[in-house]
Asker: 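The structure follows.
Indexing begins at 1, ligand by ligand and atom by atom, following the structure's order.
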Amino acid sequence: MLLEINNLHKSYGNGVNRVEILKGISFDVKKGEFVVLLGPSGSGKSTLLNIIGGIDTPDEGYISIDGHKTGDMKDKALTAYRRDHLGYIFQMYNLIPNLTVKENIEVGAYLSKNPLELDELIDTLGLTEHKNKLPNQLSGGQQQRTAIGRAIIKNPDVLLCDEPTGALDYNTSKEILKLIEDVNQKYGNTVIMVTHNDAIKNMSDRVIKLKDGSIRKNYINDNKISAAELEW
Ligand SMILES: Nc1ncnc2c1ncn2[C@@H]1O[C@H](COP(=O)(O)OP(=O)(O)OP(=O)(O)O)[C@@H](O)[C@H]1O
Ligand SMILES: [Mg+2]
């Protein structure tokens, strides 16, 4: 098992304002698995992803990656865990405005031990003819492809995606989903993707549904289809 998520609890606020956001979340993720995490707004999806990503910490429970509990790690080890094992793709692309496409992607390889070959990755991303442009010269889809490149260049074990198509139109969304699918298949990275969009579960290996901070469903998708076949 690559990732073990065990009995995570998380609350925000103090005293009477304290609200429990995650109420004992447990699930396992296998290496190379494509997991889609579904749930309504406010159900705790981003909170969960941030805890898996080591950006936030749980009040109770643990995450273990390859048998190492992240909660046992000191700050330095946690930074190394994030750097060596995780890639993060957000809804908003967060590119550095005064760097080109190529340079923005290169940033992601910083301190990485075995980065992917930059020009080959740019080609896979379909960005070769745009590689010397600045973010404000790109469409939303091209910006998101650049952000995917930045997350993937260090060839992370786990790619965490929080609504990666939330800001994109239908066709561009499908193109980005196809790219994440290609990356998962070509490089074998494990993917955990958060979305509101129920149709996206059809391209996953495993579906996890959250509601009010608890898991309502966790099942293997036996009828996996390609991103290109998705419709909504
Ligand atoms: N730092 C914080 N402090 C206080 N409350 C927070 C904090 N972060 C999240 N919350 C609350 O936790 C709940 C879950 O938030 P979260 O962002 O995980 O939801 P989500 O499922 O990702 O929703 P969405 O689909 O809208 O992105 C929300 O009610 C939110 O207001
Ligand atoms: Mg969210």
Side-chain angles (χ1 to χ4, degrees), residues 3-29 33-63 65 70-71 75 78-79 81-82 86-95 140-141 143-144 147-148 150-152 156 158-170 172-174 176-177 179-180 184 190-204 206-219 221 227 230 232:
L3 265 184
E4 187 189 349
I5 289 142
N6 195 293
N7 195 31
L8 293 183
H9 286 261
K10 181 72 181 179
S11 298
Y12 287 117
N14 294 307
V16 290
N17 295 320
R18 196 160 174 82
V19 185
E20 196 173 26
I21 305 299
L22 299 181
K23 303 173 181 169
I25 301 281
S26 302
F27 62 95
D28 292 335
V29 181
E33 213 167 24
F34 194 125
V35 179
V36 164
L37 192 61
L38 285 165
S41 182
S43 56
K45 305 182 297 295
S46 294
T47 303
L48 175 57
L49 211 66
N50 288 342
I51 292 175
I52 296 172
I55 295 170
D56 205 345
T57 52
D59 299 329
E60 209 186 306
Y62 66 85
I63 290 168
I65 180 158
T70 57
D75 279 357
L78 197 60
T79 303
Y81 158 73
R82 282 202 298 262
L86 300 179
Y88 224 119
I89 300 168
F90 302 93
Q91 177 175 358
M92 300 312 295
Y93 326 116
N94 302 318
L95 299 175
Q143 289 181 59
Q144 188 58 302
I148 291 172
R150 179 186 55 195
I152 202 78
V158 183
L159 190 60
L160 302 170
C161 315
D162 198 349
E163 296 275 6
T165 60
L168 302 172
D169 64 50
Y170 180 78
T172 314
S173 294
K174 284 187 64 164
I176 292 299
L177 292 170
L179 181 61
I180 295 172
N184 170 248
T190 304
V191 178
I192 303 179
M193 182 148 79
V194 162
T195 177
H196 282 107
N197 184 343
D198 201 65
I200 294 177
K201 71 178 187 299
N202 298 316
M203 68 179 284
S204 73
R206 177 180 297 282
V207 183
I208 295 177
K209 289 196 178 182
L210 272 189
K211 198 175 173 195
D212 298 331
S214 298
I215 291 184
R216 293 300 165 92
K217 284 184 182 162
N218 176 358
Y219 63 94
N221 174 26
L230 293 179
W232 65 85

Asker: Only heavy atoms count here, so choose which of Lys45, Glu163, Lys211, Lys10 is nearest to atom 25 (O) of ligand 1.
Answerer: Lys45
Asker: Would you say atom 4 (C) of ligand 1 touches the protein, meaning some protein heavy atom is under 4.0 Å from it?
Answerer: yes
Asker: Taking atom CD1 of Ile21 and atom OG of Ser46, what is their separation to the nearest 0.5 Å?
Answerer: 11.5 Å
Asker: Among protein heavy atoms, which lies nearest atom 17 (O) of ligand 1, and at what distance?
Answerer: Ser46 CB, 3.6 Å
Asker: To the nearest 0.5 Å, how far apart are OH in Tyr93 and CG in Leu168?
Answerer: 4.0 Å
Asker: N/O/S of Ser46 less than 2.8 Å from the Mg ion (ligand 2)?
Answerer: yes
Asker: My understanding is that we take every heavy atom of each candidate and find the minimum distance to atom 23 (O) of ligand 1. Doing that for Gly13, Pro40, Gly42, which one comes out nearest?
Answerer: Gly42
Asker: Kindly compute the distance separating CD1 (Ile51) from OG1 (Thr70), expressed to the nearest 0.5 Å.
Answerer: 9.5 Å
Asker: Report the C-alpha separation of Asp56 and Tyr12 in whole Å, then their side-chain angles, then the decisive distance to 0.1 Å, and conclude whether the side-chain hydrogen bond (donor to acceptor under 3.5 Å, both in side chains) test is met.
Answerer: CA-CA 12 Å; Asp56 205 345; Tyr12 287 117; 2.7 Å; yes
Asker: Among protein heavy atoms, which sits nearest to atom 16 (P) of ligand 1, and what does the distance come to when rounded to 0.1 Å?
Answerer: Thr47 OG1, 3.6 Å
Asker: Tell me the contacting part of Ile21 for ligand 1: side chain, backbone, both, or neither, using a 4.0 Å heavy-atom threshold, strictly below.
Answerer: side chain
Asker: Just need the protein heavy atom nearest to atom 6 (C) of ligand 1, so name the residue and atom and give the distance.
Answerer: Tyr12 CD1, 3.2 Å
Asker: Starting from atom 26 (O) of ligand 1, what is the nearest protein heavy atom, named by residue and atom, and what distance separates them?
Answerer: Ser41 OG, 2.6 Å
Asker: If you measure from CD1 on Ile192 to NZ on Lys45, what distance do you get to the nearest 0.5 Å?
Answerer: 14.5 Å
Asker: Going through the distances and angles, do Leu159 and Phe34 end up as a side chain to side chain contact (heavy atoms under 4.5 Å, CB included)?
Answerer: CA-CA 9 Å; Leu159 190 60; Phe34 194 125; over 6 Å; no
Asker: Just verifying a value: how many Å separate Met193 CE and Leu38 CG, rounded to the nearest 0.5 Å?
Answerer: 9.5 Å
